[in-house]
Protein chains: 2
Amino acid sequence: MKLSLRGEYALRALIVLGLNYGRSVVQIQTISRQQNIPKRFLEQILHDLKSAGIVESRRGVAGGYRLHAPPERITLAAVIRHIEGPLAPVSCVSERFYEPCTCPDEAKCGIRSVMKEVRDAIVKILEGFTLAQLCERVRQLHAEPGNPLDYII
Amino acid sequence: MKLSLRGEYALRALIVLGLNYGRSVVQIQTISRQQNIPKRFLEQILHDLKSAGIVESRRGVAGGYRLHAPPERITLAAVIRHIEGPLAPVSCVSERFYEPCTCPDEAKCGIRSVMKEVRDAIVKILEGFTLAQLCERVRQLHAEPGNPLDYII
DNA sequence: TTAATCTTGATAATATTTCTAGTGATTGTA
DNA sequence: TACAATCACTAGAAATATTATCAAGATTAA
């Protein structure tokens with residue numbers, strides 16, 4: 001599980017949306033400027049998150065994006081799985097993205113059994129972590145919360 | 001931490017060398033055939049492991065590779081770090097491969113703090129796991145151990 | 001001397017990641 | 001209606017990483 005830039009951008013964008021949950025939609029341009037993410041690239045990412053049902057959009061003049069579900073119900077595991085694919089270090093130990101590897105016999109593969117442990121450790125952390133908790137951490141990291149839109153993540 | 005083919009091949013090769021530790025050297029060709037790893041590619045990988053001080057080689061007619069240290073003293077963390085780079089999902093939380101990320105302020109980055117947890121979990125497992133233990137698992141996975149060279153990993 | 005082996009550097013082929021561009025669709029408002 | 005702001009979608013350029021191959025050379029045991 002390595003987080004690509006795409007994945008990092010997705011999380012940063014979701015934090016912004018999370019901090020604004022319950023208010024109006026947030027425009028791509030706003031997120032792009034605030035987080036220093038290439039706008040066109042961010043468009044793609046948000047569209048991707050929409051197709052995953054994580055965010056929803058509103059078009060037109062006062063358009064923008066917002067979370068589809070409350071941030072308490074969005075786990076980091078779900079987000080990263082959708083953007084990055086398997087959380088497992090090798091896909092032959094992935095539950096949701098299983099693919100056979102090149103080893104002659106999986107059942108007798110020593111590497112597999114270790115990587116399964118790694119996978120479980122990663123999954124345990126990321127499934128137990130919601131976007132709400134992440135937003136809370138961000139809030140805590142800022143001594144004096146001003147306008148949420150100005151948060152530097 | 002995603003394991004590339006290169007990393008998987010490295011581990012498989014090391015298991016073969018681990019199972020043969022204390023005996024003679026093992027030829028690249030032997031490992032290549034047994035594990036179905038492209039020979040030229042394996043050459044590179046073993047040379048790489050040699051430069052890391054993990055294996056040593058003997059040239060000439062009866063040449064080949066063997067472990068430089070006893071398998072008890074080789075951790076999976078050390079091997080994977082050398083082949084793949086940082087174990088951390090983002091390099092801004094890596095201890096040995098630290099690099100700043102694109103976020104405006106690391107100290108206040110919520111993502112960072114979560115990824116640090118993930119990193120620690122991965123490191124804990126892989127630093128506590130030696131090649132000897134991995135070889136032991138492989139032996140256990142085979143009900144009837146025959147010639148170690150014939151192990152299918 | 002010979003044959004088997006590792007050594008080394010170059011590089012080809014492919015896949016992935018990151019990012020840009022262009023065009024079209026939708027919507028609120030004047 | 002017409003306009004401007006915004007999302008929707010597709011294509012693909014550019015850079016990088018991964019996987020693999022080739023060829024000539026150095027080393028060594030027999």
Side-chain angles (χ1 to χ4, degrees), chain A residues 1-13 17 24-33 35-66 68 80 82-86 89-91 97 99 101-102, chain B residues 1-13 17 24-33 35-52 54-68 80 82-86 89-91 97 99 101-102:
Chain A
M1 191 240 122
K2 195 193 142 204
L3 199 66
S4 68
L5 211 44
R6 188 186 180 88
E8 192 184 319
Y9 288 164
L11 288 181
R12 297 233 295 268
L17 297 185
S24 62
V25 298
V26 184
Q27 290 169 19
I28 286 185
Q29 208 169 29
T30 307
I31 302 174
S32 162
R33 281 209 197 107
Q35 297 296 322
N36 199 31
I37 300 171
K39 194 186 151 202
R40 294 287 198 177
F41 195 23
L42 184 57
E43 274 181 21
Q44 274 184 29
I45 295 167
L46 284 172
H47 184 256
D48 193 7
L49 290 174
K50 187 185 174 186
S51 78
I54 296 171
V55 302
E56 59 191 15
S57 67
R58 188 173 155 187
R59 299 171 81 157
V61 171
Y65 281 89
R66 78 177 131 210
H68 179 65
I80 295 176
H82 193 262
I83 298 284
E84 307 281 351
V90 287
S91 51
F97 296 85
E99 271 182 40
C101 66
T102 64
Chain B
M1 191 243 123
K2 194 192 141 202
L3 200 65
S4 68
L5 250 196
R6 188 185 181 88
E8 192 183 320
Y9 287 164
L11 288 181
R12 297 234 296 266
L17 297 185
S24 61
V25 299
V26 184
Q27 290 168 21
I28 285 185
Q29 208 169 29
T30 306
I31 302 173
S32 161
R33 282 209 196 106
Q35 296 297 322
N36 198 31
I37 301 172
K39 194 186 153 203
R40 298 287 194 179
F41 196 22
L42 183 58
E43 277 179 18
Q44 272 184 30
I45 294 168
L46 284 172
H47 185 257
D48 193 6
L49 290 174
K50 186 185 174 186
S51 78
I54 295 170
V55 303
E56 59 190 15
S57 68
R58 189 172 153 184
R59 300 169 80 157
V61 172
Y65 281 89
R66 77 176 131 207
L67 295 183
H68 178 63
I80 295 176
H82 193 262
I83 299 285
E84 306 280 350
V90 287
S91 51
F97 296 85
E99 271 182 42
C101 66
T102 64

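Keep in mind that what you see is a predicted model, and the values were worked out from it rather than measured. We name chains A, B, ... by the order of the sequence lines, and we start the count at 1 in each one.
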### Message
Would you compute the distance between atom CG of B:Leu11 and atom CD of B:Gln35 and round it to the nearest 0.5 angstrom?
### Response
11.0 Å
### Task
To the nearest 0.5 Å, tell me how far B:Arg33 CZ sits from B:Ile28 CD1.
12.5 Å
### Query
Nearest 0.5 Å, what's the CG-CD1 distance between B:Leu46 and B:Ile54?
10.5 Å
### Summary
Residues passing the side chain to side chain donor-acceptor pair (under 3.5 Å) test with B:Glu84, sequence neighbours excluded, are B:Ser4
### Query
If you look only at pairs with a residue in residues 46-62 of chain A, which of them pass as a salt bridge (charged side-chain N to carboxylate O under 4.0 Å, His left out), with sequence neighbours excluded?
A:Arg6-A:Asp48, A:Glu56-A:Arg66
### Summary
Each nucleotide of nucleotides 3-12 of chain D classed B (base within 4.0 Å of a protein heavy atom), S (only sugar-phosphate) or -, in 5' to 3' order, makes --BSBBB-B-
### Message
Output the rounded distance in Å from CD1 (B:Ile83) to P (D:dA17).
### Response
16 Å
### Spacing between B:Phe41 atom CZ and D:dC22 atom P, to the nearest angstrom
15 Å
### Task
Name all residues meeting the salt bridge (charged side-chain N to carboxylate O under 4.0 Å, His left out) criterion together with A:Glu43; count only those two or more places apart in sequence or in a different chain, and write none if there are none.
A:Arg40
### Message
Just verifying a value: how many Å separate A:Tyr65 OH and A:Leu49 CG, rounded to the nearest 0.5 Å?
### Response
9.0 Å
### Under 4.0 angstrom between A:Tyr9 side-chain N/O and C:dT18 OP1 or OP2
no
#### Entry: Terminal axes of the helix from C:dT1-D:dA30 to C:dA30-D:dT1 (five pairs each): angle between them, nearest 10 degrees
10°
### Message
Could you measure the distance from the CD atom of A:Glu8 to the CD1 atom of A:Ile83? Nearest 0.5 Å is fine.
### Response
12.5 Å
### Task
Can you see which heavy atom on B:Leu42 is nearest to which on B:Ala13, and at what distance?
CD1-CB, 4.0 Å
#### Entry: Between CZ on residue A:Arg12 and CG on residue A:Asn36, distance to nearest 0.5 Å
7.5 Å
### Message
So A:Pro86 and B:Lys2, do their side chains get closer than 4.5 Å, heavy atoms only?
### Response
no
### Query
Rounded to the nearest Å, what distance is computed from the CZ atom of residue B:Arg33 to the C1' atom of nucleotide C:dT5?
13 Å
### Task
Indicate for each nucleotide in nucleotides 12-17 of chain C, in 5' to 3' sequence, whether protein heavy atoms under 4.0 Å reach the base (B), only the sugar-phosphate (S), or nothing (-).
------
### Euclidean distance, atom CD1 of residue B:Ile37 to atom C1' of D:dT18 [Å, nearest integer]
16 Å
### Task
Write down the distance between CD1 (A:Ile45) and P (C:dT20), rounded to a whole number of angstrom.
12 Å
### Task
Figure out the CG/P separation between B:Leu42 and C:dT5, and round it to whole Å.
14 Å
